[in-house]
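Input: a single structure, listed below in structure tokens.
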Amino acid sequence: MTTASSQSLIRLVERNPSISGAEIAAELSPPPQFEHASFESYRPDPDFPSQQAALDRLKEFAGAWRAAQRPGGFFSRKRPARIELPGVYLDGGFGVGKTHLLAALWHVAHGPKYFGTFIEYTALVGALGYQPAVELLRGAKLVCIDEFELDDPGDTMLMTRFLGELMAGGTRVAATSNTPPNALGEGRFAASDFLREIHALSSNFETLRIDGLDYRRRDTEGHAESLSGDADVARTAAALAERGHRVSLDGFDDLIAHLATVHPSKYVKLVTGLEFIALEGVHELTDQNAALRLVAFIDRVYDAEVPIIASGLPLDEVFAADMMAGGYRKKYLRAMSRMIALTTGELPPHD
């Protein structure tokens, strides 16, 4: 690699981003690949009727909500017979269209409205403080929460209280997850208080099950692609940089260590402006905290649609067997699915 190429490459480990509560709130909208998601562009798989059923139900959810905003509201003669809960919860596996449907619902909603991941909402509370965050979102017509996965009982109670206050003010909430709301704590925490918090939250939601195949695995061989050696990664990164692309190049261990020094809410700024990410020396992770930080990082990379070039162990094999048998299995499976897409170029417009 030439000196000029070395100087043009970006190092993620040299980025130390900061992010304010106002910046987090301003970013609470669907990621770029769902900018134009709609009910009409969602294509249900005929082999899985639950996809069409979820689509139909979400249209009803949106329709009843809009009816409440018209003169006469729910007391008009057109009021749906169904008793409407303030929230709807899309449960299903990876790549069946949950995020597409969530974004489609957000797009038809009248503002103010917000769309973000669970970690973005907890980061907002952390940056602004609880009551200022509530006041900022108070009055929202719709709050969408993608990947509602609870890894910490404190965050669970925080978000339960937070959403409860918003719902009491008339805000409707839509969320996605890979686990039904009343089972989110299974295999993770056994504290009865934590489970009671989960139950109290789930009672506000109508759960819609969405079955199907992970589209990210349909056109791949089932593994993330990996170059033969670090030198190949370096040459590829340098060649891309020479052609004017914004490319980062880091050692896998260096990146994992750096992620521990950056709050996950700031990971989005780590990848801002990048067109490719190059990683050298990928290997299996044995520390669960490091693995979970990598999951959060991959989520941001996937949202930003930045392809990854890597050497060493294929990225979808980095999680140790004991991790895959534990309570975070579904998080790891989602990350594996996304890493296959990021290294093979399979980045379709639905999630």
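Since this is a predicted model, take the numbers as computed values, not measurements. All residue numbers in this chain count up from 1 along the given sequence.
- Counted by atom type alone, D146 and T99 present one or more donor-acceptor pairs between their side chains at under 3.5 Å.
- Of all the heavy atoms in L227 and T236, the pair that sits closest is CD1-OG1, 3.7 Å.
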(message) M336 vs M324, test: side-chain contact (heavy atoms from CB on, under 4.5 Å). Steps then yes/no.
(response) CA-CA 11 Å; M336 290 162 60; M324 295 304 299; 3.7 Å; yes

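- R43 CZ to Q51 CD: the interatomic distance, rounded to the nearest 0.5 Å, is 12.5 Å.
- Without hydrogens or angle criteria, R15 side chain to T272 main chain gives a donor-acceptor distance under 3.5 Å.
- K141 contributes no side-chain N or O that, together with a main-chain N or O of H110, makes up a donor-acceptor pair within less than 3.5 Å.
- Between L9 atom CG and D250 atom CG the span is 9.5 Å, to the nearest 0.5 Å.
- At least one donor-acceptor pair closer than 3.5 Å links the side chain of E120 to the backbone N or O of T117.
- A donor-acceptor distance shorter than 3.5 angstrom exists from the side chain of H107 to the backbone of F34, with no hydrogens or angles considered.
- Side-chain atoms of D230 come within 3.5 Å of backbone N or O of G281 as a donor-acceptor pair.
- Linking Ile, Leu, Val, Met, Phe, Trp and Tyr whenever their side-chain heavy atoms come within less than 4.5 Å leaves V13 and Y267 in two separate clusters.
- Geometrically, R334 does not engage Y302 in a cation-pi contact, judged by NZ or CZ lying under 6.0 Å from the ring centre and within 45° of the ring axis.
- Put simply, the side chain of N16 reaches to within 4.5 Å of the side chain of H258, judged on heavy atoms.
- Residues F148 and L163 meet the side-chain proximity criterion, which asks for heavy atoms closer than 4.5 Å.
- To the nearest 0.5 Å, the span separating OH on Y114 from CD on E27 amounts to 13.0 Å.
- A continuous path of ILVMFWY side-chain contacts below 4.5 Å connects V134 to I145, so both sit in one hydrophobic cluster.
- The backbone N or O of S18 sits nowhere less than 3.5 Å from a side-chain atom of H263 that would complete a donor-acceptor pair.
- Side chains of Y121 and V143 form a contact here, defined as non-hydrogen atoms less than 4.5 Å apart.
- The CD atom of E305 sits 14.0 Å away from atom CG of L274, with the distance rounded to the nearest 0.5 Å.
- The closest side-chain heavy-atom distance from F319 to Y328 is not below 4.5 Å.
- Salt bridge present: R138 and E165 bring a charged side-chain N and a carboxylate O closer than 4.0 Å.
- The two residues L85 and N204 make their nearest non-hydrogen contact at CB-O, 3.6 Å.
- To the nearest 0.5 angstrom, K331 atom NZ is 12.0 Å from L294 atom CG.
- Other residues, nucleotides and ligands contribute more than 12 heavy atoms inside 6.0 Å of the CD atom of E275.
- For S226, there are no side-chain hydrogen bond (donor to acceptor under 3.5 Å, both in side chains) partners, not counting sequence neighbours.
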(message) Let's go through I210 and L101 carefully: what are the C-alpha distance in whole Å and the side-chain angles of both, what is the deciding distance for side-chain contact (heavy atoms from CB on, under 4.5 Å) to 0.1 Å, and is it a yes or a no?
(response) CA-CA 11 Å; I210 306 178; L101 288 171; 3.8 Å; yes

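- Looking only at side-chain heavy atoms (C-beta outward), I277 and L342 stay at 4.5 Å or farther from each other.
- In plain terms, the two heavy atoms of L315 and A310 that are nearest each other are CD1-CB, 4.3 Å.
- When the side-chain hydrogen bond (donor to acceptor under 3.5 Å, both in side chains) test is applied to E225, no partner is found at least two apart in sequence or on another chain.
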(request) Carefully, step by step, assess D287 and I256 under the rule side-chain contact (heavy atoms from CB on, under 4.5 Å). (result) CA-CA 10 Å; D287 177 78; I256 294 300; over 6 Å; no

(request) List the steps, then state whether side-chain contact (heavy atoms from CB on, under 4.5 Å) holds for Y42 with L58. (result) CA-CA 12 Å; Y42 179 73; L58 276 181; over 6 Å; no

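- Looking at every heavy atom in both residues, A335 comes nearest to I298 through O-CG2, 4.2 Å.
- By the ring pair (Phe, Tyr, Trp, His ring centres under 6.0 Å) test, H283 pairs with F252, sequence neighbours left out.
- Here D211 contributes atom CG and D91 contributes atom CG; the two are 8.5 Å apart, rounded to the nearest 0.5 Å.
- Under the side chain to side chain contact (heavy atoms under 4.5 Å, CB included) test applied with F297, the options V262, L292, L12, V268 reduce to a single match, L12.
- Shown here is H245, whose NE2 atom has more than 12 heavy atoms of other residues, nucleotides or ligands within 6.0 Å.
- The pair D232-R235 meets the salt-bridge criterion, since a charged nitrogen lies less than 4.0 angstrom from a carboxylate oxygen.
- Here the shortest heavy-atom pairing between V108 and A62 reads CG2-CB, 4.0 Å.
- In this structure, L279 and V233 have side chains that are not in contact, with every pair of non-hydrogen atoms separated by 4.5 Å or more.
- Under the 3.5 Å distance criterion, the side-chain polar atoms of T171 are matched with a main-chain donor or acceptor of A140.
- R300 places no side-chain N or O within donor-acceptor distance of the main-chain N or O of L270, the cut-off being under 3.5 Å.
- Across every non-hydrogen atom of M323 and L285, the tightest pair is CE-O, 3.2 Å.
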